[in-house]
**Student:** 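Dropping the structure in here first, questions after.
Chain letters run A, B, ... following the sequence lines, proteins first and then strands; every chain starts at 1.
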Amino acid sequence: MAREDTASGGTAQDDSGHDFIRDIVRADLETGRIKQVITRFPPEPNGYLHIGHAKSICLNFGLAEEFGGRCHLRFDDTNPAKEAQEYVDAIQRDVRWLGFDWGEHLYFASDYFEQLYAWAEDLIRAGLAYVDDQSQEEIRANRGTLTEPGRDSPYRGRSVAENLDLFRRMRAGEFPNGARVLRAKIDMASGNINLRDPVLYRILHLPHPRTGTAWKIYPSYDFAHGQSDAIEHVTHSICTLEFEDHRPLYDWFIEHLDVPSRPRQYEFARLNLTHTVLSKRVLTRLVQEGHVTGWDDPRMPTLAGLRRRGVPAEAIRDFVKRIGVAKANSLVDIGMLDFSIRNVLNRRALRRMAVLRPLKVVIENYPEGKVEELEAANHPDDASAGVRKIPFSRELYIERDDFMEQPPKKFFRLSPGSEVRLRYAYFIRCTGVVRNSAGEVEELRCRYDPATRGGNAPDGRKVRATIHWVSAAHSLPAEVRLINPLFRTPVPSGGDDFAADLNPHSLEVLGGARIEPALADSSDAAPVQFERQGYFCRDPDSRPDRPVFNRTVGLRDSFAKELAKGGDPAQGA
RNA sequence: UGGGGCGUAGCCAAGCGGUAAGGCAGCGGAUUUUGAUUCCGCGAUGCGGAGGUUCGAAUCCUCCCGCCCCAGCCA
């Protein structure tokens with residue numbers, strides 16, 4: 001379970017923290033209640049994992065790592081109507097990618113169907129479960145409301161023999177879907193609605209991805225989850241807050257059944273992120289209705305999407321560490337995630353130059369046909385990353401944003417008459433502007449100072465800005481995709497009307513970008529920083545002649561902040 | 001108006017009767033061939049509110065207020 005690339009200096013402090021769950025585990029170990037901590041991450045294979053799951057994965061696997069225990073990966077595959085093998089595969093891939101290893105401990109709730117069935121019969125024999133013939137509507141009507149107790153089912157008093165017979169015939173497939181259910185006999189008047197005779201088994205004539213057509217009845221989550229934990233000797237069954245009032249039911253099964261261990265359930269607050277929806281239902285619709293290109297669309301908060309966007313697993317772990325674990329509902333600013341991404345990528349990404357929106361520059365006093373190879377550092381804070389050569393010539397491209405004809409007071413970049421440094425190259429001064437027929441700036445005429453080669457002036461004069469550039473003839477064309485928040489509202493509704501909150505600018509495609517030759521290797525999957533712009537990675541849509549880069553996250557931009565105080569983050573750059 | 005939870009700075013979050021950690025964001029400043037990074041400094045006489053217990057309360061008690069979850073044969 002060890003990870004090689006654990007965050008070092010600068011990342012969140014890696015003491016195991018003191019959240020309430022770690023405190024409980026620590027105490028259980030100290031008092032000897034348990035010898036070893038055993039947790040599990042229990043996804044239902046009905047969708048892809050997202051960053052909210054990452055919180056749970058890091059918690060469960062992290063606990064096991066920190067306290068020398070183990071963590072299982074168990075699929076809660078009790079509802080064949082929604083589940084698929086594709087999701088089982090994707091989930092395993094994503095957990096591994098996040099940096100965790102379940103070793104031999106891969107399980108499926110469906111592995112336990114036979115045992116669960118046997119326990120259901122035990123409950124019947126003990127007079128604690130019965131077959132109910134009521135329709136779904138009748139059951140609902142008799143469940144009562146939040147303030148009124150429910151009414152007992154007319155079938156609640158059936159004999160053990162009759163219940164056993166009926167339940168066996170349910171298993172045998174003698175009844176159609178919905179005809180009967182097996183219910184626990186607990187308390188129809190309980191203030192906790194989960195205790196009003198919850199459904200244990202329902203009839204579902206549906207093939208299961210793993211058990212095929214062997215079963216015609218499937219256990220409910222409540223009946224499967226705790227017992228599965230017990231079978232695996234899970235010590236701490238960690239789930240989210242909405243299961244808090246299932247805990248009495250969880251404990252009821254553990255008490256009344258002859259289970260091999262007694263797990264305890266603890267609940268923590270799930271992750272909420274601004275400008276993000278983490279509802280599997282909505283994410284599934286985004287994919288199915290084509291609002292995004294797939295589960296791995298770089299705009300998606302799925303692990304597959306984040307990975308494709310270029311977010312390192314380490315950044316997600318760093319983020320999760322920073323947000324902590326508690327019971328208070330909270331809404332984390334998406335900027336926190338951006339911070340963790342930059343934090344990791346700043347250390348890791350090699351620097352390169354790329355011009356996203358090119359503006360041609362002709363250096364009038366630079367000889368035609370001449371090419372120089374200038375040396376540039378691959379990482380400003382890490383000499384061991386080495387250097388590369390960048391070709392310089394008479395015709396260049398610079399970023400359109402780096403030139404303004406009528407610059408405001410605090411604009412230090414290029415403007416008519418001003419001098420700037422071309423990074424790792426020369427000082428240049430703008431001497432003229434060439435326009436097209438529409439009057440738009442089409443080209444800049446500049447003069448360079450040959451004495452400033454490499455970027456330093458022997459006379460000690462300073463420039464106020466350094467801008468990036470590429471040689472027109474030597475640079476390569478590329479497509480650059482700017483990934484912006486999928487939702488424009490800070491707190492999207494997440495309801496059926498989710499589409500109204502979608503950010504129309506979530507994806508900006510820049511078709512005319514130019515990248516320096518060092519970026520030519522199309523097999524290089526390493527993250528890079530396009531200097532002064534952000535962190536990027538190659539998208540799988542790349543073709544050898546047509547590289548495509550995703551902007552993982554932009555660099556902090558205090559100048560932009562200065563210009564547009566309180567801008568709209570959904571708008572992007 | 002039933003049951004279960006939760007309220008500490010703009011956002012996360014420590015704190016467990018001894019006098020409010022840390023991070024993100026923000027704001028200053030230093031360094032800088034990325035307006036990046038890095039570094040330094042700044043924020044609660046106050047912990048949802050009101051009472052009470054105590055030498056001492058964010059921590060204990062009482063009442064009140066606010067927010068979240070639960071009425072699937074989903075998980």
Side-chain angles (χ1 to χ4, degrees), chain A residues 10 12-13 17-19 23 42-44 46 76 78-79 81-82 132 135-136 139-141 143-150 177-183 189-196 198-204 217-218 220-222 224-225 239-248 267 269 274 280-281 319 321-333 335-340 342-343 346-347 351 353 376-377 380-381 410-413 421-425 427 452 454-456 462-468 529-534 554-562:
Chain A
Q13 44 291 91
H18 278 278
D19 58 74
D23 288 345
E44 183 190 14
N46 68 342
D76 254 344
T78 57
N79 185 3
K82 294 186 175 178
D132 193 345
S135 69
Q136 191 161 178
I139 290 180
R140 187 187 312 125
R143 185 152 27 224
T145 68
L146 295 180
T147 52
E148 302 158 27
N177 288 353
R180 293 176 224 263
V181 291
L182 182 73
R183 292 229 255 170
S190 173
N192 183 342
I193 291 175
N194 294 298
L195 264 20
R196 318 241 262 231
V199 169
L200 272 31
Y201 272 90
R202 74 278 207 183
I203 298 170
L204 236 38
I217 57 173
Y218 292 93
S220 64
Y221 163 85
D222 285 308
H225 197 90
C239 62
T240 44
L241 254 27
E242 66 269 27
F243 293 100
E244 208 150 16
D245 30 279
H246 289 241
R247 184 163 13 109
E267 312 85 12
T274 61
K280 255 197 214 176
R281 202 185 60 78
F319 168 72
K321 212 169 283 178
R322 284 170 192 280
I323 60 175
V325 177
K327 295 196 68 159
N329 290 312
S330 62
L331 177 63
V332 177
D333 193 314
M336 280 252 209
L337 177 59
D338 292 342
F339 175 87
S340 288
R342 292 190 191 105
N343 191 30
N346 176 49
R347 278 184 278 117
R351 311 290 124 124
M353 290 202 284
D381 310 317
K410 287 194 276 195
F411 185 86
F412 306 141
R413 281 111 90 149
R421 171 166 39 231
L422 293 178
R423 177 143 239 230
Y424 298 120
F427 286 12
T452 57
N456 290 303
K462 302 288 186 203
V463 289
R464 299 198 70 179
T466 299
I467 65 174
H468 61 277
Q529 183 195 98
F530 289 172
E531 293 215 39
R532 303 208 306 132
Q533 304 193 99
L555 254 29
R556 271 185 63 192
D557 189 348
S558 51
F559 179 61
K561 221 174 283 170
E562 185 86 25

**Student:** Of the nucleotides B:G35, B:A75, B:A25, which one has an atom closest to the side chain of A:R556?
**Tutor:**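 Output: B:A25.
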
**Student:** Whole-Å distance between B:U34 P and A:M353 CE?
**Tutor:**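 Atom-to-atom, A:M353 to B:U34, this comes out as 12 Å.
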
**Student:** Taking the minimum atom-to-atom distance to the side chain of A:K327, which one of B:C12, B:G35, B:G5 wins?
**Tutor:**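 In terms of side-chain proximity for A:K327, the closest of B:C12, B:G35, B:G5 is B:G5.
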
**Student:** Base, sugar-phosphate alone, or nothing: which one does A:Y218 contact when heavy atoms must sit under 4.0 Å apart?
**Tutor:**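 The answer is nothing, as A:Y218 stays clear of every strand by at least 4.0 Å.
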
**Student:** Give the rounded distance in Å between these two atoms: NZ of A:K561 and P of B:G35.
**Tutor:**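 In whole Å, B:G35 P lies 14 Å from A:K561 NZ.
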
**Student:** Students often mix this up, so state it plainly: with edges at 30° and 60°, are the rings of A:Y221 and A:F243 parallel, tilted or perpendicular?
**Tutor:**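 Ring orientation of A:Y221 relative to A:F243: tilted.
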
**Student:** Need the pair for B:A75. Rule: Watson-Crick or G-U wobble, both distances under 3.5 Å, any strand; none if unpaired.
**Tutor:**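 The base-pairing partner of B:A75, which may sit in any strand shown, does not exist here.
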
**Student:** Among B:A25, B:A75, B:A71, which nucleotide sits nearest the side chain of A:F339?
**Tutor:**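 Comparing B:A25, B:A75, B:A71 against the side chain of A:F339, the answer is B:A25.
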
**Student:** Applying a 3.5 Å limit to both distances, which nucleotide forms a Watson-Crick or G-U wobble pair with B:C6?
**Tutor:**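 Pairing partner, where one exists within any strand: B:G66.
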
**Student:** Quote, to the nearest angstrom, the C1' distance that separates B:A44 from B:C69.
**Tutor:**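 Taking atom C1' in both B:A44 and B:C69, they lie 30 Å apart.
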
**Student:** What's the CD-P distance between A:E242 and B:A71, to the nearest Å?
**Tutor:**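 Going from A:E242 (CD) to B:A71 (P), I get 11 Å.
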
**Student:** Measure the distance between the ring centre of A:F559 and the centre of the six-membered base ring of B:G35, then answer whether it is under 5.5 Å with planes under 30°.
**Tutor:**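 A stacking contact exists, since A:F559 sits close and nearly parallel to the base ring of B:G35.
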
**Student:** Nearest-nucleotide wise, let me know which of A:A465 and A:R180 is further upstream toward the 5' end of RNA chain B.
**Tutor:**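 By nearest-heavy-atom nucleotide position, the 5'-most residue is A:A465.
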
**Student:** For A:S330, report the nucleic acid contact type (base, sugar-phosphate, nothing); a contact means any heavy atom under 4.0 Å.
**Tutor:**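 Sugar-phosphate only.
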
**Student:** Working to the nearest 0.5 angstrom, can you tell me the gap between A:S135 OG and A:R180 CZ?
**Tutor:**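 Separation between the atoms: 13.0 Å.
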
**Student:** Could you please name the option among B:A75, B:G35, B:G5 that lies closest to any side-chain atom of A:N329?
**Tutor:**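 Looking only at heavy atoms from C-beta outward on A:N329, the closest nucleotide is B:G5.
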
**Student:** Remember a base hit wins even if backbone is also touched, and classify A:R423 as base, sugar-phosphate or nothing at under 4.0 Å, heavy atoms.
**Tutor:**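 The answer is base, as A:R423 lies within the cut-off (heavy atoms under 4.0 Å) of a base atom.
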
**Student:** Separation of A:Q136 atom CD from B:A71 atom C1', in whole Å?
**Tutor:**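 So the two atoms are 13 Å apart, to the nearest Å.
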
**Student:** Taking only side-chain N and O atoms of A:T466, does any of them lie within less than 4.0 angstrom of OP1 or OP2 on B:G35?
**Tutor:**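 For B:G35, neither OP1 nor OP2 has a side-chain N or O of A:T466 closer than 4.0 Å.
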
**Student:** Quick one: which of B:A71, B:A14, B:C73 gets closest to the side chain of A:T145?
**Tutor:**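 Of the candidates, B:A71 comes closest.
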
**Student:** Answer yes if the side chains of A:R532 and A:H468 hold a donor-acceptor pair under 3.5 Å, and no otherwise.
**Tutor:**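 Short answer, yes.
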
**Student:** When we call it a touch if two heavy atoms are under 4.0 Å apart, what does A:N456 touch: a base, just sugar-phosphate, or nothing?
**Tutor:**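 It contacts base atoms.
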
**Student:** Hey, what do you get for CG (A:D338) to CZ (A:F319), rounding to the nearest 0.5 Å?
**Tutor:**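 Going from CG on A:D338 over to CZ on A:F319, the span is 9.5 Å.
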
**Student:** Any side-chain N or O of A:R532 below 4.0 angstrom from OP1/OP2 of B:G35?
**Tutor:**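 Checking B:G35 against A:R532, a side-chain N or O does come within under 4.0 Å of OP1 or OP2.
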
**Student:** Hey, are A:E44 and A:K82 close enough for a salt bridge, meaning a charged N less than 4.0 Å from a carboxylate O?
**Tutor:**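 Salt bridge: no.
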
**Student:** Quick one: which of B:C69, B:G35, B:G7 gets closest to the side chain of A:A328?
**Tutor:**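 The listed nucleotide nearest to A:A328's side chain is B:G7.
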
**Student:** When you look at CZ of A:R281, are more than 12 heavy atoms from neighbouring residues, nucleotides or ligands closer to it than 6.0 Å?
**Tutor:**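 Correct, the count exceeds 12.
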
**Student:** Which one is paired to B:A36, where only Watson-Crick or G-U wobble pairs with both distances under 3.5 angstrom count?
**Tutor:**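 Across all strands, not a single nucleotide pairs with B:A36.
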
**Student:** Is there a side-chain polar atom (N or O) of A:R202 under 4.0 Å from OP1 or OP2 of B:C74?
**Tutor:**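 Result: yes.
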
**Student:** Side chain to side chain contact (heavy atoms under 4.5 Å, CB included) for A:V199 and A:D222? Distances and angles first, verdict last.
**Tutor:** CA-CA 8 Å; A:V199 169; A:D222 285 308; over 6 Å; no

**Student:** Does A:S340 reach a base, just sugar-phosphate, or nothing at all? Heavy atoms under 4.0 Å.
**Tutor:**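 Result for A:S340 = nothing.
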
**Student:** Phosphate oxygens OP1/OP2 of B:G2: is one of them under 4.0 Å from a side-chain N or O of A:S190?
**Tutor:**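 No, because none of the side-chain N or O atoms of A:S190 sits under 4.0 Å from OP1 or OP2 of B:G2.
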
**Student:** Would you tell me whether A:D245 and A:N194 have side-chain atoms, one donor and one acceptor, within less than 3.5 Å of each other?
**Tutor:**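 Yes, because at least one side-chain N or O of A:D245 sits under 3.5 Å from a partner of the opposite role on A:N194.
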
**Student:** When all nucleic acid strands are considered with a 4.0 Å heavy-atom cut-off, which category describes A:H468: base, sugar-phosphate, or nothing?
**Tutor:**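 The answer is nothing, as A:H468 stays clear of every strand by at least 4.0 Å.
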
**Student:** Give one of base, sugar-phosphate or nothing for A:S135, where a contact means two heavy atoms less than 4.0 Å apart.
**Tutor:**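 Base, at least one base atom sits under 4.0 Å.
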
**Student:** B:C70 C1' sits how many Å from A:R143 CZ, rounded?
**Tutor:**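 In whole Å, B:C70 C1' lies 11 Å from A:R143 CZ.
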
**Student:** In whole Å, what separates the P atom of B:C24 from that of B:G56?
**Tutor:**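 Rounded to whole Å, the distance is 39 Å.
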
**Student:** Heavy atoms under 4.0 Å, any strand shown: does A:E531 hit a base, just sugar-phosphate, or nothing?
**Tutor:**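 Base, at least one base atom sits under 4.0 Å.
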
**Student:** Taking any heavy-atom pair under 4.0 Å as a contact, classify A:I323: base, sugar-phosphate, or nothing.
**Tutor:**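 Contact class for A:I323: sugar-phosphate only.
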
**Student:** Quick one: the side chain of A:Q533 and the base of B:U34, do they pair up donor-acceptor inside 3.5 Å?
**Tutor:**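 Not at all, since no donor on one side and acceptor on the other fall under 3.5 Å apart.
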
**Student:** Remember a base hit wins even if backbone is also touched, and classify A:P43 as base, sugar-phosphate or nothing at under 4.0 Å, heavy atoms.
**Tutor:**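 Contact class for A:P43: none.
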
**Student:** How would you label the contact of A:E44 with the nucleic acid (heavy atoms, under 4.0 Å): base, sugar-phosphate, or nothing?
**Tutor:**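 Here A:E44 touches the backbone only, sparing every base.
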
**Student:** Have a look at A:K280 and say if it touches a base, only the backbone sugar-phosphate, or nothing, with a 4.0 Å heavy-atom cut-off.
**Tutor:**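 If one applies the 4.0 Å heavy-atom cut-off, A:K280 turns out to touch nothing in the nucleic acid.
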
**Student:** Please tell me if the side chains of A:N343 and A:R322 come closer than 4.5 Å, counting only heavy atoms from C-beta onward.
**Tutor:**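 Of all side-chain heavy-atom pairs linking A:R322 with A:N343, at least one is under 4.5 Å.
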
**Student:** Nearest heavy atom decides the nucleotide; on that basis, is A:G335 or A:L331 closer to the 5' end of RNA chain B?
**Tutor:**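 This one resolves to A:L331.
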
**Student:** Could you let me know what B:A58 is paired to, Watson-Crick or G-U wobble, both distances under 3.5 Å, or none if it's on its own?
**Tutor:**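 The answer is none; no pair meets the criterion.
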
**Student:** Atom NZ of A:K82 and atom C1' of B:G72: how far apart are they, to the nearest Å?
**Tutor:**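 In whole Å, B:G72 C1' lies 8 Å from A:K82 NZ.
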
**Student:** Heavy atoms only, 4.0 Å cut-off, all strands: where does A:V463 land among base, sugar-phosphate and nothing?
**Tutor:**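 Counting heavy atoms under 4.0 Å across all strands, no contact is made by A:V463.
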
**Student:** Between B:C73, B:G5, B:G35, which nucleotide gets closest to the side-chain atoms of A:V199?
**Tutor:**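 Output: B:C73.
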
**Student:** Any idea which of B:U34, B:C70, B:C12 is nearest the A:I193 side chain?
**Tutor:**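 Side chain of A:I193 sits closest to B:C70.
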
**Student:** The side chain of A:L555 is closest to which nucleotide in this list: B:A75, B:A13, B:U34?
**Tutor:**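 Within the option list, the nearest is B:U34.
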
**Student:** Please work out whether B:G49 sits syn or anti, treating a glycosidic angle within 90° of 0 as syn.
**Tutor:**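 You should classify B:G49 as anti.
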
**Student:** OP1, OP2 of B:U37 versus side-chain N and O of A:R342: anything below 4.0 Å?
**Tutor:**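 Negative; the distance criterion is not met.
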
**Student:** So what does A:F243 touch, heavy atoms closer than 4.0 Å: a base, only the sugar-phosphate, or nothing?
**Tutor:**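 Base, at least one base atom sits under 4.0 Å.
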
**Student:** Where the side chain of A:D245 is defined as all heavy atoms beyond and including C-beta, which of B:G2, B:G3, B:A14 is the nearest nucleotide?
**Tutor:**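 For A:D245, the side-chain atoms sit closest to B:G3.
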
**Student:** Taking any strand in view, what nucleotide pairs with B:U45 in a Watson-Crick or G-U wobble way, both distances under 3.5 Å?
**Tutor:**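 Partner of B:U45: none.
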
**Student:** CG of A:N194 versus P of B:A75: gap in Å, rounded?
**Tutor:**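 It is 13 Å, rounded to the nearest whole Å.
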
**Student:** Base of B:G35, side chain of A:R413 - is there a donor-acceptor contact under 3.5 Å?
**Tutor:**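 Counting by modelled atom types and ignoring angles, a donor-acceptor contact under 3.5 Å is found here.
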
**Student:** Taking it one step at a time, do A:D23 and A:H18 satisfy side chain to side chain contact (heavy atoms under 4.5 Å, CB included)?
**Tutor:** CA-CA 6 Å; A:D23 288 345; A:H18 278 278; 3.4 Å; yes

**Student:** Which whole-number value in Å describes the distance from A:F530 CZ to B:G35 C1'?
**Tutor:**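 Whole-Å distance recorded here is 20 Å.
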
